[in-house]
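Below is one structure, written out as structure tokens, with a few remarks after it.
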Amino acid sequence: MKHITKIKAIFAILLLYIIIVPPLYAQSISVRSLPGYVKAINQFNQLNPQEKVYLHFDNTGYYLGDTIWFKAYAVFAEQLRPTTLSKVLHVELLTPQGMVVDDRQLKLENGECHGEFALSSRYHSGFYEVRAYTRSMLNFGDDCIFSRVFPVYDSPEIEGYYTDRKMDSGFGLKDERKKTTKAKKVNLSFYPEGGNAVVGLRSRIGFKATGENGEDLNITGAVYDSSGELVSYFYTYHQGMGFFEMIPDKTTYKIVADYDGKKYDFSFSNIISSGYVMRVTDLDAETYQVHLQKSPDLPADTLAVSVSCRGTVYSAEALILGDKPYIYQLDKGKTSCRLPSIYSL
């Protein structure tokens, strides 16, 4: 009998070892591998530096017969210093239908060059795009290409009478490009910190208020739940931007904004039932405070918080996030970035 009891005890110990040790070992491997991830990312960026291009133009709109003059700057994205990688900048002029009608290959010297596009009278009026890139930039996708769209009007019937702005953007194919929807008098966009608001967790919601022409608006307002109960107030702090905090218990809320004596209704529904929330607070001139929390239904997990800017990882910390919030401070002097990110190891 004692022998059987001893065997059972040994079996129980072995079972606990099988259940507990592998996850702990996997956790240890994950934490140890974090510096390797950071080193690999930074090494990749050093071996494959990314470039950025910006064009400075002489005007914001043109007439047929005018010349678009520009100066170009090509820099390394990480340090914003003049590039030494590319020697040629490609600049293209596109019609409203997206066809390239003119292009330039310009020599870069100390990351700079200049050029022009003559808007021939044989062109049609419309919205033209100027696009600029180096060959190296094409490795990182179309989103990295510089792009700017200009209105190009018909030549004025009376020479020098530039208040007469007529445009035929059709080019014979008026429906080829999608028309943008005209904005409302008051427009409100929401940006939950960390990506989503989460039910049951204190979430910070940023917002941006703009007018029908894209101008910044100063507004005040309030947040209500589906039963009409007041949840939070808000107002703009700077250039139409502000934030409010809430602990969602539903997935849709009514937003009422006050502007110029009138009320405008909006809906906020970027709320998920379960997930992670990260809040970053600017404590003082030297310190950020990072606050991490998860939904109670999610298991404790090994996470990493990384801080990067323009492709370079400046800080990375591994942690085990349980039921209690995890709070730590980040020294501003060790990083030039502003946006931490969280991911599971």
Side-chain angles (χ1 to χ4, degrees), residues 49-156 159-160 162-183 210 212-216 310-311:
Q50 189 172 349
E51 295 175 314
K52 295 175 69 175
V53 167
Y54 180 78
L55 268 61
H56 186 98
F57 295 91
D58 67 320
N59 214 330
T60 57
Y62 299 90
Y63 288 82
L64 292 177
D66 288 346
T67 299
I68 300 176
W69 297 94
F70 61 85
K71 184 171 183 178
Y73 306 86
V75 298
F76 286 122
E78 180 183 354
Q79 299 174 335
L80 300 181
R81 294 179 179 177
T83 182
T84 55
L85 178 64
S86 297
K87 302 300 181 183
V88 177
L89 180 69
H90 299 263
V91 189
E92 300 170 341
L93 178 67
L94 287 78
T95 69
Q97 285 69 45
M99 298 173 58
V100 178
V101 291
D102 205 352
D103 63 87
R104 300 283 185 274
Q105 289 81 43
L106 304 173
K107 182 180 179 181
L108 285 167
E109 295 183 351
N110 195 30
E112 297 181 3
C113 63
H114 58 84
E116 82 291 328
F117 287 115
L119 297 172
S120 171
S121 57
R122 63 185 175 86
Y123 294 164
H124 292 260
S125 57
F127 287 94
Y128 282 71
E129 178 185 5
V130 175
R131 202 163 55 184
Y133 57 90
T134 65
R135 288 291 186 186
S136 176
M137 290 170 62
L138 298 179
N139 295 322
F140 297 91
D142 292 342
D143 290 342
C144 298
I145 294 176
F146 174 87
S147 173
R148 177 94 179 260
V149 176
F150 294 95
V152 177
Y153 303 101
D154 290 324
S155 299
E159 188 175 353
Y162 291 107
T163 57
D164 185 16
R165 297 179 178 179
K166 294 182 179 180
M167 181 187 295
D168 176 19
S169 60
F171 231 75
L173 298 169
K174 291 188 177 182
D175 296 326
E176 187 162 330
R177 281 196 174 183
K178 293 182 179 179
K179 296 180 179 180
T180 57
T181 304
K182 186 177 180 181
T210 57
E212 56 187 340
N213 296 315
E215 71 276 17
D216 301 329
R310 294 191 289 269

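For this chain, numbers begin at 1 and follow the sequence in order.
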*Is the Tyr128-Phe150 ring centre distance short of 6.0 angstrom?*
no

*From Gln97 CD over to Glu129 CD, what is the distance, rounded to the nearest 0.5 angstrom?*
12.5 Å

*Any chance you could measure Lys107, atom NZ, to Leu89, atom CG, to the nearest 0.5 Å?*
14.0 Å

*Note, Val101 side chain near Tyr123 side chain (heavy atom, < 4.5 Å)*: yes

*asked:* Between Thr67 (side chain only) and Trp69 (backbone N and O only), is there a donor and an acceptor less than 3.5 Å apart?
replied: no

*Looking at Cys144 and Met137, what are the two nearest heavy atoms and their distance?*
O-CE, 2.9 Å

*asked:* Any non-hydrogen side-chain atom of Asp58 less than 4.5 Å from a side-chain atom of Glu116?
replied: no

_If you define the side chain from C-beta out and look only at heavy atoms, does anything of Leu64 sit under 4.5 Å from Ser121?_
no

*If you round to the nearest 0.5 Å, how far is NE2 of His56 from CZ of Arg148?*
9.0 Å

*asked:* Do Leu85 and Arg135 make a side-chain contact, defined as non-hydrogen atoms from C-beta onward lying under 4.5 Å apart?
replied: no

*Report yes if the side chains of Ile145 and Val53 come closer than 4.5 Å at any heavy-atom pair, otherwise no.*
no

_Summary of salt bridge (charged side-chain N to carboxylate O under 4.0 Å, His left out) pairs that have at least one residue in residues 136-147, sequence neighbours excluded_ = none

*asked:* Within this structure, what is the CG-OG1 distance for the pair Asp102 and Thr95, rounded to the nearest 0.5 Å?
replied: 12.0 Å

*So, do Glu78 and Pro49 sit near enough that their side-chain heavy atoms are less than 4.5 Å apart?*
no

*Kindly indicate whether the side chain of Val88, heavy atoms from C-beta on, has any atom under 4.5 Å from the side chain of Leu108.*
no

*What is the ring orientation for Phe146 with Phe57, classed by angle as parallel under 30°, tilted 30 to 60°, or perpendicular over 60°?*
parallel

*Considering non-hydrogen atoms only, spot the tightest contact between Tyr63 and Leu119 and give its length.*
O-CD1, 3.8 Å

*How long is the span from the CG atom in Leu80 to the NZ atom in Lys52, to the nearest 0.5 Å?*
6.0 Å

*Is the closest side-chain heavy-atom distance between Leu55 and Val91 below 4.5 Å?*
yes

*Could you tell me whether the side chains of Glu92 and Tyr133 share a donor-acceptor contact shorter than 3.5 Å?*
yes

*Which distance, rounded to the nearest 0.5 Å, do you find between the CZ of Arg81 and the CG of Asn110?*
12.5 Å

*Step by step, would you call Thr83 with Val75 a side chain to side chain contact (heavy atoms under 4.5 Å, CB included)?*
CA-CA 5 Å; Thr83 182; Val75 298; 5.8 Å; no

*Would you find a donor on one side and an acceptor on the other, under 3.5 Å apart, between the side chain of Glu51 and the backbone of Ser86?*
yes

